[in-house]
Amino acid sequence: MNAARMFGMTGRFAPSPTGDLHVGNLRTAVVAWLSARSQGERFLVRMEDLDRVQSSTAHEQSQIRDLAIIGLDWDGEVVRQSERFDRYDQAIADLDARGLVYECYCTRREIREEIESSAQAPHGPPGSYPGTCRELREPERAERRAAGREPALRLRSDHRTVTFTDRLVGQVSGVVDDVVLRRNDGVPAYNLAVVVDDAAQGVTEVVRGDDLLSSTPRQIHLQELLGLARPGYVHVPLVVDRSGERLAKRRGRHVTIADLGARGVGVEEIVGWLASSLGLPLDAPNLTLSDLVSRFVADDLPREPCAAPPFVDERA
Ligand code: GLU
């Protein structure tokens, strides 16, 4: 029996270990956890460490430690995408066998220039691939290979419009584009891996930052092509600093638990802010995350970007 059938609902938090988690990441993790646990259900943590250049074991460990420090727990082992390439390769082979994959030799710069010089708006979200390599013939591909270029693999999409209902954002529609499936360094692409893993792990609810909202139509399209179930989606508005910019893992210095701790901000204070920023009642002193489970109502979550807590000062 697969995981999806064994459990009624499965939530997850899937960070990329490219830096320490900041309070915005922690807030999203808490929503994912509370949503699963308030339904008494399963919750997983998955490390999205496909990019071995930007990811590190040190960041993975600090992220796991910080999740545990704020009181979040999970079921089973933490899964690492870097150990699951065979699954992604299998999915790409499946799409390829159906004529849905093509080689793309473009550099990022060429894609940007092509988009800028094109009179036509590309199909799909901003920055979508304009289709330059879509109809290349073998001699043209051979020419590019001879020039030392390695191809990325892209999905031959049909540019359909996918509509889905997000628990917080409501109805969302987006055009599917020729998304990358495997990068030209051989690394499977995020959009493919996330779809394969959520299905393989029986994930039924995807909670993540709303910066990923525009990727969801392409992920749903991939799910449908691969015959995978569609999870529910909850895109959480991001935490923004005073200038309205979202907190970033690799920017600002005073947004992680360690930074805050060094400045005398304790875990209780951070958890208190996380709870109040989610509109949860702080009706007892020193509430823990477990205390919040019974107070959590997904439909009451705030739908606007959230101001960073007063104890975070990125300029300090
Ligand atoms: N790994 C992605 C990130 O850290 C999140 C992916 C997802 O939740 O679908 O931004």
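We count ligands from 1, going down the list as the structure has it; atoms in each ligand are counted the same way. We're numbering straight along the sequence, starting at 1.
Counting only distance, with no hydrogens or angles, the side chain of R208 and the backbone of P15 share no donor-acceptor pair below 3.5 Å. Under the 3.5 Å distance criterion, the side-chain polar atoms of D198 are left unmatched by any main-chain donor or acceptor of V203. Checking side-chain atoms of S35 against main-chain N and O of V31 turns up no donor-acceptor pair under 3.5 Å. Side-chain atoms of R295 come within 3.5 Å of backbone N or O of D291 as a donor-acceptor pair. Distance alone, capped at 3.5 Å, is enough to place a donor-acceptor pair between the R144 side chain and the E140 backbone.
Between D51 and Y190, the side chains place no donor N or O within less than 3.5 Å of an acceptor N or O (distance only, hydrogens not considered). No donor-acceptor contact under 3.5 angstrom links the side chains of Y105 and N184, judged on distance only.
Near P15, the atoms of ligand 1 lying under 4.0 angstrom from a non-hydrogen atom of the residue are 1 (N), 4 (O). Close contacts between ligand 1 and V194 involve ligand atoms 9 (O) [criterion: under 4.0 Å to a heavy atom]. Of all the atoms in ligand 1, the ones that sit under 4.0 Å from a non-hydrogen atom of S16 are 1 (N), 2 (C), 3 (C), 4 (O). Close approach of ligand 1 to E48 (heavy-atom distance below 4.0 Å) involves ligand atoms 1 (N), 2 (C), 5 (C), 6 (C).
Under a 4.0 angstrom heavy-atom cut-off, V206 registers as lying outside contact with ligand 1.
In R12, the part holding a heavy atom less than 4.0 Å from any atom of ligand 1 is the side chain. When heavy-atom distances to ligand 1 are checked against a 4.0 Å cut-off, L212 comes that close only through its side chain, counted from C-beta outward. When non-hydrogen atoms are compared, ligand 1 lies under 4.0 Å from the side chain of Y190 (C-beta onward) but not from its backbone.
By the 3.5 Å distance cut-off applied to N or O atoms, A14 is counted among the residues near ligand 1.
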